Amino acid sequence: MSTSPVTAAAVKPTLSTTYLPAEVEQPRYERWVAAGYFRARADTERPPFSIVIPPPNVTGSLHVGHALDHTIQDSLIRRRRMQGYESLWLPGMDHAGIATQNVVERQLATQGLSRHDLGREAFIERVWQWKASSGGAILGQMRRLGDSVDWSRERFTMDEGLSRAVLTIFKRLYEDGLIYRAERIINWCPRCLTALSDIEVDHTDDEGELVSIRYSDEIVVATTRAETMLGDTAVAVHPDDERYRHLVGTEVELPLTGRRIPVVADGHVDPTFGTGAVKVTPAHDPNDFEIGQRHGLPSPIVLDERGVITAPGPFQGLDRFEARPAIVAALREQGRIVAEKRPYVHAVGHCSRCGTTVEPRLSLQWFVHTAPLAKAAGDAVRDGRVRIEPGELAKRYFAWVDNMHDWCISRQLWWGHRIPVWYGPEGEVVCVGPEDEAPTGPGWRQDDDVLDTWFSSALWPFSTLGWPEETEDLARFYPTSVLVTGYDILFFWVARMMMFGLYARDGQQPFNVVALHGMVRDQHGKKMSKSYGNVVDPLDWIERFGADATRFTLARGANPGSDVPVSEEWCQGSRNFCNKLWNATRFALLNGAHTGGDLPAYEELSTVDRWVLSRLQHVIGEVDEQFERFEFAKVCDTLYHFAWDDVCDWYLELTKPVIEHSPATQRVLGHVLDQLMRLLHPVIPFVTEELWLALTGGESLVIAGWPAPDKSLVDDAAEADIGVLQRVVTEVRRFRSDQGLKPGQRVAAQLSGLAAAGIAEHEPLVRSLARLERKGDGFQATATLVVGGGITVALDTRGTIDVAAERARLEKDRIAAQKERAGAAAKLGNVDFLAKAPEQVVAKIRQRLAGAEAELARIDAALGALGERSRSEVLAEASTPPATQGRRVD
RNA sequence: GGGCGCGUAGCUCAGCGGAAGAGCACUCGGCUUACAACCGAGGGGUCGCUGGUUCGAACCCAGCCGUGCCCACCA
């Protein structure tokens, strides 16, 4: 074993034969944290780079979607940190209003208690207790993944500072007339007993029953929600509808109630749908509410907050779903049902939290007047201040912000930011805003409701940096550099951060780039769900394959904006890759690779060294571009192939014969691995750190510099030479494989033409990689491999060659080459092509033609060189016993 | 009902105007002293269909078929 003096391997830790992530990851992470590498400073000269984490719910634990999201962010942050940016990745959590309240309420329920038994203050206290004991499991799991977040800046949306930001912006919006209180139809969840915003409602195609009800001899209306008829205050028809024109202004009797309601004309009614007549229930349908407003209709509420009928009469007290058939039955008794009810599939809204069918309900709530805010949010993307990646998703963004409805922000919950509004004895607003002490006055009381969780999330990029104070952090790290998140919350979160960020910071955008990724799916592109049983637990993978393998698997599928399929098999592949790196470095260290001192002078480098250095420069350039474009899949692909193919399969094999005695190669190998570890570190931080430390003895890869391509190391000649060498080796190997020669079996050969091809010095390498012996006495060339480029390999394969098989192969190659030649020739014979195609392309085609002709010549030469005898003939005359037939015995 | 996207090797996906690619799977041969979580070689695709534009189309256009997602206040 080599012990070259410049080798530090002897004093470096020896590496085990297999990489065992479980042994190194957690301690390594804690050392990084302790060293303060992740802590960003506001007072340095370095350029800033900042990302705020999409705050996971305090109730959440790390799922594979987080793992993807975090891997991407960590890669960006780690690369910028290595590039010398003052990099801040700010962690934190969201208080998750409904979700968290539900968790604690369920806990209470097991003790037979409701939140009302405790009262508001005690309940909130209970939620904080829950958070302290069971909340935030995800934070520990982020450590397992290796997230290089700045823990010293961890925030929570219910922090004092963030709460102050919420109150401050509420007051400003209110004073600017952008927040108002009004009676509107809102989405109401009869189970959660709160209002929901539009995006908290999921629509599914449900099968309902459409019943047609005769309101009068001339008017029939249809509905899927028969129970709402108790709240009807009109029938509407289109103003131009001839069938009903004479009835407009008259009244009809509302069945079951005895009430008389007017027939009104309203342009909203579609005369071609159904009968062209619509029942109008202003208190329980958004359309009807607007019709009611236009015609000054009353809006009686007939369902209470739990969806129970309140209208006096026989149906009072019935749940909405019990009332529906009861009312239909009663109508039928009166002969009011025109046709049999028929199945009808239509979109029905469900509470995104609990799945309960949402009930549109007239209610007094607080709203954000979004039009001006949304306009600004759209413009910031339109004028390029904020870039959405991939660009195609910007269309979706525009579609959303350009059609945004006002945002209902009040929630009838206890857990959250309580609306900072106080009412006087008459219910009038007497005080709004972030008063340091609760304002008091005769008969004053604060609004009972809390704000939508997304209200505080919308402030996240600047509230976490100290706003409304003009802090150092805010000046330094805002606007944040990139926002990374899944396209699924483009509307929920991104659009709202844009609205509030631009508003709060007077037009300053919350982030410069929005990098969207897709959803993690299984290996067949299916959505992960518990019912399919295809849900991946990232912690399980981390446990079994390592955090790096988990991260690499995710990053490797992460094309901008597109979904990421993963499977355990692929994670195993990633684990194998990490192990490959491990073993390559282990081999390198055992053979004197090191990083001490400058690279050898260029003249001292072999062609092989020059080749690998040249390849490395290309790789650095490619990876940089791919990172800039958020093409993580390509980053992984580029590095995977460079590491595995170029470095391991070729460079290490090519240098094996010389490395022991070549200080230059030892130094180059050390350099290549050093650079490779740096390039891979953002994606797979753990294994690269271990290997880099062993290789360089440096402090930490986390704070090491990011590679830059060195153009002076690009060597086209070396790449061409090694390309030829690879071709020769591959051709010989192919021949050997086809002929059933054992890989270990040496075959005597004579190589010629290497000098003319400029790779004479590499003959020993070709021989060792292709396992070719020098010709000895009695050498008899029985087969000649014509590789091309004037290179031939004469082999002594007595008794081993299947001439027929080789001929068949060559004939096949010949057909392909002929086809190739014909194609190229046809092109070059095309006058239009020659006239119109760019010169570069014509030149390429000429090259192709020349290449095809050379290949044909090569094949013909090979065919000529091939003996006439078939395998059977060879075997027939062979005197060797059957067991070793076809095998040359050395 | 609107909008967006996708159909390329058995699977998952790159390529997006000038010679069909990768990973996994598959076949064959190998423990060649870094690695069998490995090494070497190989098979496999009229690039959804039909037209069009072009000297040239997997790539651009139109239509069709299939498929996925998002948005939606037609009872």
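Letters A, B, ... mirror the listed sequences (proteins, then strands); counts begin at 1. These numbers were taken from a predicted model, which means no experiment stands behind them.
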message: By the 4.0 Å heavy-atom rule, please label A:R848 as base, sugar-phosphate, or nothing.
response: base
query: What is the nucleic acid contact for A:K844, judged by heavy atoms within less than 4.0 Å: base, sugar-phosphate only, or nothing?
result: nothing
task: From the options B:rA22, B:rA34, B:rA75, select the nucleotide whose nearest atom is closest to the side chain of A:D637.
output: B:rA22
- request: If B:rU67 has a Watson-Crick or G-U wobble mate with both distances under 3.5 Å, name it; if not, just say none.
  value: B:rG5
- request: Please tell me which of the listed nucleotides, B:rG43, B:rC71, B:rC69, lies nearest to the side chain of A:W400?
  value: B:rC71
field: Pairwise P distance, B:rG18 and B:rG42 [rounded to whole Å]
entry: 27 Å
message: Return the pairing partner of B:rU46 with a 3.5 Å limit on both distances, Watson-Crick or G-U wobble; otherwise return none.
response: none
- prompt: Is A:H284 touching bases, backbone alone, or none of the nucleic acid, heavy atoms closer than 4.0 Å?
  reply: nothing
message: What's A:N559 touching, base or sugar-phosphate or nothing? Going by heavy atoms closer than 4.0 Å.
response: sugar-phosphate
task: Check every strand shown and say whether A:D649 touches a base, only sugar-phosphate, or nothing at a heavy-atom separation below 4.0 Å.
output: sugar-phosphate
- prompt: Ion pair present between A:E855 and A:R727, side-chain N to carboxylate O less than 4.0 angstrom?
  reply: yes
- request: Considering only NZ, NE, NH1 and NH2 on the basic side and carboxylate oxygens on the acidic side, decide whether A:K812 and A:D738 come within less than 4.0 Å.
  value: no
query: Which part of the nucleic acid, if any, lies within reach of A:C648 when heavy atoms closer than 4.0 Å are counted: base, sugar-phosphate only, or nothing?
result: base
- request: Starting from P on B:rC13, measure out to OH on A:Y640 and report it in whole angstrom.
  value: 18 Å
message: Let's see if you can work this out: which of B:rA22, B:rC55, B:rC24 has an atom nearest to the side-chain heavy atoms of A:D832?
response: B:rC55
message: Categorize A:F491 for me: base, sugar-phosphate, or nothing, with a 4.0 angstrom heavy-atom threshold over every strand shown.
response: sugar-phosphate
task: Please state whether the phosphate of B:rA22, meaning OP1 or OP2, lies under 4.0 angstrom from any side-chain nitrogen or oxygen of A:W644.
output: no
query: Given the P atoms of B:rA25 and B:rG40, what is the spacing between them in whole Å?
result: 15 Å
task: Could you pick out which residue, A:R733 or A:T272, lies toward the 5' side of RNA chain B when each is mapped onto its nearest nucleotide?
output: A:R733
message: At 4.0 Å (heavy atoms only), tell me whether A:L490 reaches a base, stays on the sugar-phosphate, or touches nothing.
response: nothing
message: Using atom C1' in both nucleotides, what's the gap between B:rC64 and B:rG21 to the nearest angstrom?
response: 29 Å
message: What contact category does A:Q572 fall into here, base, sugar-phosphate, or nothing, at under 4.0 angstrom with non-hydrogen atoms?
response: nothing
Closest to the A:L652 side chain, choosing from B:rC69, B:rA41, B:rA34: B:rA34
- request: Please work out whether the ring planes of A:F630 and A:F632 are parallel, tilted or perpendicular, with thresholds of 30° and 60°.
  value: tilted
- prompt: Do any side-chain nitrogens or oxygens of A:K836 fall under 4.0 Å of OP1 or OP2 in B:rG17?
  reply: no
- prompt: Checking all strands, does A:R225 fall into the base, sugar-phosphate, or nothing category for heavy-atom contacts under 4.0 angstrom?
  reply: nothing
message: Students often get this wrong, so: under 4.0 angstrom with heavy atoms, is A:A399 touching a base, only sugar-phosphate, or nothing?
response: nothing
- prompt: When you match A:N830 and A:R809 each to their closest nucleotide on RNA chain B, which lands nearer the 5' end?
  reply: A:R809
message: Between B:rA58 and B:rU46, how far apart are the two P atoms, rounded to whole Å?
response: 13 Å
query: Given the P atoms of B:rU67 and B:rU8, what is the spacing between them in whole Å?
result: 14 Å
statement: Among B:rA72, B:rU12, B:rC74, the one nearest any side-chain atom of A:D270 is B:rC74
field: Phosphate-side-chain proximity, A:N579 and B:rC38, N/O vs OP1/OP2 below 4.0 Å
entry: no
- prompt: Just checking A:R575: base, sugar-phosphate only, or nothing, at a heavy-atom cut-off of under 4.0 Å?
  reply: base
- prompt: With no angle test and no hydrogens, is the base of B:rA34 tied to the side chain of A:E653 by a donor-acceptor pair under 3.5 Å?
  reply: yes
query: Does the base of B:rC4 carry an N or O that pairs as donor and acceptor with the side chain of A:K395 under 3.5 Å?
result: no
message: Could you tell me how far B:rC74 sits from B:rC69 if I compare only their C1' atoms? Round to whole Å.
response: 24 Å
query: When you check the phosphate oxygens OP1 and OP2 of B:rU12, does a side-chain N or O of A:K526 lie under 4.0 Å from one of them?
result: no
task: Quick one: label A:P838 by what it contacts on the DNA or RNA (base, sugar-phosphate, nothing), any heavy atom closer than 4.0 Å.
output: base
- request: Both distances under 3.5 Å, Watson-Crick or G-U wobble: report the partner of B:rC55, or none.
  value: B:rG18
- prompt: Mind checking who B:rA75 pairs with, Watson-Crick or G-U wobble, both distances under 3.5 Å?
  reply: none
- request: Quote, to the nearest angstrom, the C1' distance that separates B:rG56 from B:rG66.
  value: 29 Å
message: Considering every strand and a 4.0 Å limit on heavy-atom distances, what is the contact class for A:T730: base, sugar-phosphate, or nothing?
response: sugar-phosphate
message: Please give the distance between the P atoms of B:rG43 and B:rC38 as a whole number of Å.
response: 22 Å
- prompt: If you measure from the Lys or Arg side-chain nitrogens to the Asp or Glu carboxylate oxygens, is any gap between A:E209 and A:R324 under 4.0 Å?
  reply: no
